Amino acid sequence: MLEFQDPHSCYRSGSPRIKHISFDLFVDFDQNVIRSEANYSFDRPLSDVLELDIRDLHIISIEDSERKRQLPWEISSAFSFGQVLKIRETQRVNSLLISFITSPESAALQWLTPEQTAGKQSPYVYSQCQAILARTIFPCQDSPSVRFTYEAILRVPKGMTGIMAALPDGKKVDDHVEVFYFRMPHPIPSYLFAFAAGKIESRDIGPRSKVFAEPQILDAAAEEFMDVESMIREAEGLFGTYVWDRFNLLVMPPSFPYGGMENPTLTFLTPTLIAGDRSLVSVVAHELAHSWTGNLVTNATWEDFWLNEGWTVYAERRIMEKLLGEEMVGLLAKIGRNDLLTSVRNFGNKTEFTRLKPNLQGMNPDDAFSSVPYEKGFLFLIALEREVGRSKFDPFVRAYISDFSFQSITTEQFLDYVNEKLPGATLKINTDQWIHQPGLPESVPTFPSTYYENVREIHQKWKEGQRDLSSEVRNWKVQQKVLFLEELPKPQSKIDCAILVKLFDIENTQNTEILLPYLCLAASSGYEPVYPRIRVFLSTIGRNKYLKPLYRALNGNESTKYLARDLFEQNKPKYHSVARLAVEKILGMKPVDPKE
Ligand code: BES
Ligand code: ZN
């Protein structure tokens, strides 16, 4: 193991690691807290002090579980992303029993009132730990370089369901609680710990897949994701056996801040993917792909995040190529490139966060989050693939995954591996520039696509003044519509905004991918008839990818600046903490604080 320091954890590489945790978790909906007891064992006996990452946790007691002896501990707040729990007199201790309670403000957890759910009857809670929020749920070595197995008892109020990103291991009913048992037999990093509790039911959608959701949306969810098994088969053909046993899906309440989260055995998905036509399933392919790139081969620190996401975008598009063909991948890659150019423009093309391997010392990884690790990482891997050809690259990908399975690696380790397996290739594609320089290299791989050419043709017609284009766009793929809308110059006239409503059936569409670029365009154009729709959108959906551009568009226009603030003030209690922080920064309500 190479020596390196994770800038976001107190864990020091080379010191004893957590090996297994046995959790007993009680979900307390009266106080909005989790009351826990957890038994930790380590890969070797401890030395005299053990440091763990925590944030906003109330520690009740810590004991040496073998000798049943209380241990002294203290909390220091010197560390910038939370606190350090320092446990003393741990010489030769093998396992620890820690009792603790989360704060109602735990940044990983979102507690939803019944009104914020589909069923409106029962509250709901879920966790989102990536990148460094696991420490707000339980004390841990909150670095992706540390992996542990776990088992858990999850206690929830009667009538509710508790689920975890782990294998179910039975359940029982106690007096007023439902008790669910789980085990995660494969070692995972802390950021992949996840659970949810609420009124949740499930349905089989494949031999190793169920979809979980609130009963009101279960039918639609099952229908949307029914093709999941063929996706898993294609992925196995490309990347090797699926080792996590189950690939279940949990469709979240609309405030879930991400499109998807690759929690092992149980991917969390935004309900906005339920478009009714399976047009947005590339997100499922993405989360599935993480089962290899991310969950098997994991980034060692958040500075190496592109190893997770760049590789996963690459793998996602290989799966989509198998399922829908190269032409569709051309569209997806084009949308990705537009997102990348937007990120680089928003950050500035000479800035730290546009490097594939940025320096995140003292920075919150959430502030660095953008399309850069995803799409610049993807383009770098495509450049490498094209340099050596698929006949060499495909076996390389399989060997990479199998050689680093259940390991966490740095960018440097990855590049050493490429140099060993594909000698000469990294030099030819100017790897140093891709990895270490800001902005984009002068020439980046492109993707020919007749679907996209068609979009450009219709754009030309639009520019020339033609407006009766409904027959041209009628049979378009969703992604063609997205590209048409997002590539229109802004602002557009009010008349044209109205024409676009008709052209893309904006009044009736439930497809949020089409809705978003339209709403951004309307906001930038000051097109008032659409404001009510923007209000509804921002008050029901908490997906970061939508909130950020839409608030940015509203904020960038003098006439809608007030609306942005008004809507944010009104809706912020409904957003997950990561979405709230991201929007606050866009609206300039909070300076980017490196110490946060
Ligand atoms: N792992 C990410 C989500 C994430 C990243 C959460 C960093 C917290 C910190 C997930 O796999 C992801 O990339 N989701 C994307 C969708 C994907 C299709 C690009 C998203 O949510 O937009
Ligand atoms: Zn991802």
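Order of listing sets the numbers, starting from 1, for every ligand and every atom in it. Because the structure is a prediction, the values reported are computed rather than measured.
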Query raised in the report: Taking N or O atoms only and a 3.5 Å limit, does Y258 qualify as a polar contact for ligand 1?
Result: no
Query - Heavy-atom side-chain contact between W311 and Y400 under 4.5 Å - result: yes
Report, in ascending order of atom number, the atoms of ligand 1 lying under 4.0 Å from any heavy atom of [X].
{"X": "H290", "value": "11 (O)"}
{"X": "Q128", "value": "6 (C), 8 (C)"}
{"X": "F369", "value": "5 (C), 7 (C)"}
{"X": "M261", "value": "1 (N), 6 (C)"}
{"X": "E287", "value": "10 (C), 11 (O), 12 (C), 14 (N), 16 (C)"}

Query raised in the report: Any Lys/Arg nitrogen of R390 or E321 sitting under 4.0 Å from an Asp/Glu carboxylate oxygen of the other?
Result: yes
Query - Electrostatic pair K357-E412, nearest N-O below 4.0 angstrom - result: yes
Testing the basics here: between [X] and [Y], what is the closest heavy-atom pair and its distance to 0.1 Å?
{"X": "A166", "Y": "Y150", "value": "CB-OH, 3.6 Å"}
{"X": "Q413", "Y": "S408", "value": "OE1-O, 4.2 Å"}
{"X": "T446", "Y": "R337", "value": "CA-NH2, 3.4 Å"}

Query raised in the report: Under the 3.5 angstrom rule, does the side chain of W292 hit a backbone N or O of G240 as a donor-acceptor pair?
Result: yes
Requested in this report: Output yes when a side-chain donor or acceptor of S371 lies under 3.5 Å from a complementary backbone atom of S343, and no otherwise.
Outcome: no
Please write down residue, atom name and distance for the protein heavy atom closest to [atom].
{"atom": "atom 20 (C) of ligand 1", "answer": "G259 N, 3.5 Å"}
{"atom": "atom 2 (C) of ligand 1", "answer": "E309 OE2, 3.4 Å"}
{"atom": "atom 4 (C) of ligand 1", "answer": "Q130 OE1, 3.2 Å"}
{"atom": "atom 10 (C) of ligand 1", "answer": "G260 O, 3.2 Å"}
{"atom": "atom 12 (C) of ligand 1", "answer": "Y374 OH, 3.4 Å"}

Query raised in the report: Does E236 CD have over 12 foreign heavy atoms under 6.0 Å away?
Result: yes
Of all the N, O or S atoms in [X], which one sits nearest to the Zn ion (ligand 2)?
{"X": "H290", "value": "NE2"}
{"X": "E309", "value": "OE1"}
{"X": "H286", "value": "NE2"}

Report summary line: Closest to atom 1 (N) of ligand 1 by heavy-atom distance, out of E262, E316, K545, is E262
Query raised in the report: Within less than 4.0 angstrom of ligand 1, does Y191 place any heavy atom?
Result: no
Report summary line: Exactly one candidate in Y451, F504, Y452 meets ring pair (Phe, Tyr, Trp, His ring centres under 6.0 Å) with F484; the answer is F504
